Amino acid sequence: MFFTKMLIPTLREAPSCADIISAKLMMRAGMTRKLASGLYEFLPLGLKVLRKVENIIREEMNAAGGQEITLPLIFPKDLWVETDRWNVYGKELFRLKDRKDAEFCLAPTAEEAATDLVRKEIGSYKQLPLMLYQFGAKFRDEIRPRFGVMRSREFLMKDAYSFHTDEADLEKYYKVMFDAYTNVCKRCGFKFRAVEAASGAIGGSFSHEFMILADNGEEEIAWCDCGYGANSEKAECLPIARTKEERLALEEVLTPNVGAVEDVAKFLNAAPEKFIKTMIYKADDNPVVVLVRGDHEINETKLQSLLGANEVVLADEQAVASVSNAPLGFAGPAGLKGVKIIADLSAVEISNAVTGANKKDYHLKNVNYNRDYNADIVADIRKVAYGDICPRCKKESLKFSRGIEVGHVFKLGDKYSKLMNATYLDKNGKESLIVMGCYGIGVTRILAATIEQSHDDNGIIWPDNIAPFNVVVIPVNYADAKIKETTDNMYKELTSKGVDVLIDDRDERAGIKFKDADLIGIPYRITIGEKNLEKGFVELKARRDGKDAAKFLSPEEALSEIIKIFNK
Ligand code: ATP
Ligand code: MG
């Protein structure tokens with residue numbers, strides 16, 4: 001491809017709407033443009049990378065036995081009512097009506113449609129297992145579309161659905177897909193970790209996320225050298241054991257106008273870990289009291305799944321007052337009646353704790369579990385924190401890294417098949433529920449995440465396998481007959497060997513061509529200049545190496561080096 005024939009509108013400065021390095025670089029490199037909030041156009045260079053990633057994924061899905069299909073992008077409401085996700089998905093679901101006022105949604109994911117297809121077409125155990133996958137646009141009305149194509153409202157996803165006769169077969173296949181996702185990440189050249197994850201709105205019993213490690217990642221990963229890794233939203237917390245202390249008598253203390261743990265801690269000169277933080281939530285409109293240690297945070301995802309609720313939100317002041325008889329900041333578990341109390345494993349371990357007294361301007365000292373209060377449920381409901389011990393090896397402290405979730409694999413079990421009555425007849429002619437898995441990977445997000453992980457001050461540094469081109473050839477002056485001849489010859493040779501090459505044939509200064517080549521991030525650059533060529537040399541440089549790493553080679557040697565790298 002010739003630069004002058006391709007729409008590559010590079011920019012010196014990023015548009016002000018770009019809020020993260022990858023979004024800036026994608027726009028500056030002429031890969032994407034923004035149409036409206038969370039809606040992006042992919043220009044030829046951007047689409048080229050997208051297709052390369054898509055092909056790697058397609059090859060791995062086919063190798064895992066998958067069959068490619070396409071499902072509609074618009075789904076009728078009825079299907080989503082069957083699984084109650086018409087309600088559960090909430091405001092993220094784009095909803096629309098047709099001319100007859102019938103309701104639809106734009107696909108945010110496609111479990112319902114895939115299950116519907118299979119319940120109609122599959123009847124016997126002989127047709128299972130089956131894995132169907134597609135590449136398709138997904139639409140989610142994100143609360144905060146941001147970070148360019150990383151969190152957009154329309155994006156490209158590869159979604160896959162597998163169907164099995166039983167859990168054991170799903171278990172086996174889940175490992176196959178886990179490996180396929182691992183291969184995708186390796187072939188795309190990522191530094192990544194696969195971690196245990198919470199299942200979120202898709203539901204199901206078990207899941208892993210594939211995280212690209214990057215400082216700008218929205219997710220936090222907790223991990224240990226023993227092999228444990230989890231999204232910090234999901235990471236298990238071991239109870240922090242009680243220190244041996246004699247139980248003292250309960251005491252009420254005046255704490256005028258100080259409600260927040262840090263303020264009361266200062267006022268009473270006590271450490272925050274001596275406090276029981278008492279928060280009142282509404283779980284699907286029912287009030288619940290939640291207790292964690294003063295220096296810990298409540299993990300609402302864990303709380304929600306423990307309660308099996310569709311929604312948990314902090315209660316408003318009025319609800320707090322009606323549960324605790326006191327304003328915000330003065331609630332405590334001692335003496336509370338008629339409301340469900342859920343305590344974290346570490347909260348009940350505190351001896352002689354400080355809590356609110358359910359009375360304005362008062363706290364209680366020396367509160368002890370099983371003496372001054374009880375809980376309906378004691379469970380792990382807090383966020384993992386620095387200093388926590390690994391829940392698997394129980395020896396090392398957990399380490400934390402930031403990551404970008406690019407893929408998510410789930411064991412769904414019979415969640416969808418039960419709700420949608422997707423069954424098959426087993427060997428004995430008995431009707432059984434199909435067991436399912438689902439597997440998503442964000443193709444557009446992969447591009448942004450790769451750039452977050454792989455760039456420098458001058459621009460993008462694409463990994464070899466997904467770069468828009470394998471090599472850029474820069475004739476310093478394409479109008480010069482000898483340079484043109486060498487350039488054209490290289491183009492012919494490289495393309496005939498299947499190497500994807502961009503010739504920068506623009507009538508621009510060499511400095512501008514170098515700047516754009518670095519910005520676009522093509523892994524190799526061959527520069528053909530007059531003086532070097534007279535001496536029989538061209539210059540070959542890898543994008544990831546510094547200026548000094550350039551090699552001076554004959555045109556034939558440069559060609560064979562590139563062909564060796566890309567035409568394996
Ligand atoms: P997140 O927690 O980041 O919102 P999710 O858990 O909602 O992600 P899934 O429903 O598991 O995401 O979707 C599968 C994949 O689709 C994700 O791993 C991610 O790569 C991609 N993805 C999800 N939401 C978006 C979005 N708004 N923009 C771009 N890609 C997305
Ligand atoms: Mg989401």
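Both backbone and side-chain heavy atoms feed into the values below; hydrogens, waters and symmetry mates do not. In this chain, numbering begins with 1 at the start of the sequence shown. Counting convention: from 1, in listed order, for ligands and their atoms alike. The structure displayed is predicted, hence computed values, not measured ones.
- When non-hydrogen atoms are compared, ligand 1 lies under 4.0 Å from the side chain of Arg445 (C-beta onward) but not from its backbone.
- Donor-acceptor pairing under 3.5 Å is recorded for the side chains of Ser162 and Tyr439.
- Between Tyr424 and Arg119, the side chains place no donor N or O within less than 3.5 Å of an acceptor N or O (distance only, hydrogens not considered).
- The number of heavy atoms from other shown groups lying within 6.0 Å of NZ (Lys34) is above 12.
- Some N or O of Val406 is nearer than 3.5 Å to an N or O of ligand 1, by distance alone.
- For the ligand labelled ligand 1, residue Thr444 lies outside the 4.0 Å heavy-atom shell.
- If you look at Glu142 next to ligand 1, the close heavy atoms, those under 4.0 Å, all belong to the side chain.
- The neighbour count for Ile143 CD1, taken as heavy atoms of other residues, nucleotides or ligands under 6.0 Å away, does not exceed 12.
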For this session: Check step by step if salt bridge (charged side-chain N to carboxylate O under 4.0 Å, His left out) holds for Lys120 and Asp116.
Result: CA-CA 6 Å; Lys120 288 176 183 152; Asp116 180 61; 2.7 Å; yes

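- Within a 6.0 Å sphere centred on CG of Asp215, other residues, nucleotides and ligands contribute 12 heavy atoms or fewer.
- For ligand 1, the polar-atom distance check against Glu218 finds no nitrogen or oxygen pair separated by under 3.5 Å.
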Exercise. Taking it one step at a time, do Glu297 and Lys277 satisfy side-chain contact (heavy atoms from CB on, under 4.5 Å)?
Worked result: CA-CA 9 Å; Glu297 298 289 331; Lys277 194 154 58 179; 3.9 Å; yes

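- Counting the atoms of ligand 1 from 1 in the order shown, those under 4.0 Å from a heavy atom of Met157 are 13 (O), 14 (C), 16 (O).
- Considering backbone and side-chain N/O atoms, Gly442 comes within less than 3.5 Å of an N/O atom of ligand 1.
- For ligand 1, the atoms sitting less than 4.0 Å from at least one non-hydrogen atom of Val149 are 29 (C), numbered in the order shown with element in parentheses.
- Short contacts between ligand 1 and Arg140, defined as distances under 4.0 Å to a heavy atom of the residue, involve ligand atoms 5 (P), 7 (O), 9 (P), 10 (O), 12 (O), 13 (O), 23 (C), 24 (N).
- Taking a 4.0 Å cut-off on heavy atoms, Met150 registers as neighbouring ligand 1.
- The residue Ile446 has no part lying near ligand 1, judged by heavy-atom distances below 4.0 Å.
- Proximity to Gly407 (heavy-atom distance under 4.0 Å) selects the following atoms of ligand 1: 18 (O).
- Looking at heavy atoms from C-beta onward, Lys48 lies in side-chain contact with Asp500 at the 4.5 angstrom threshold.
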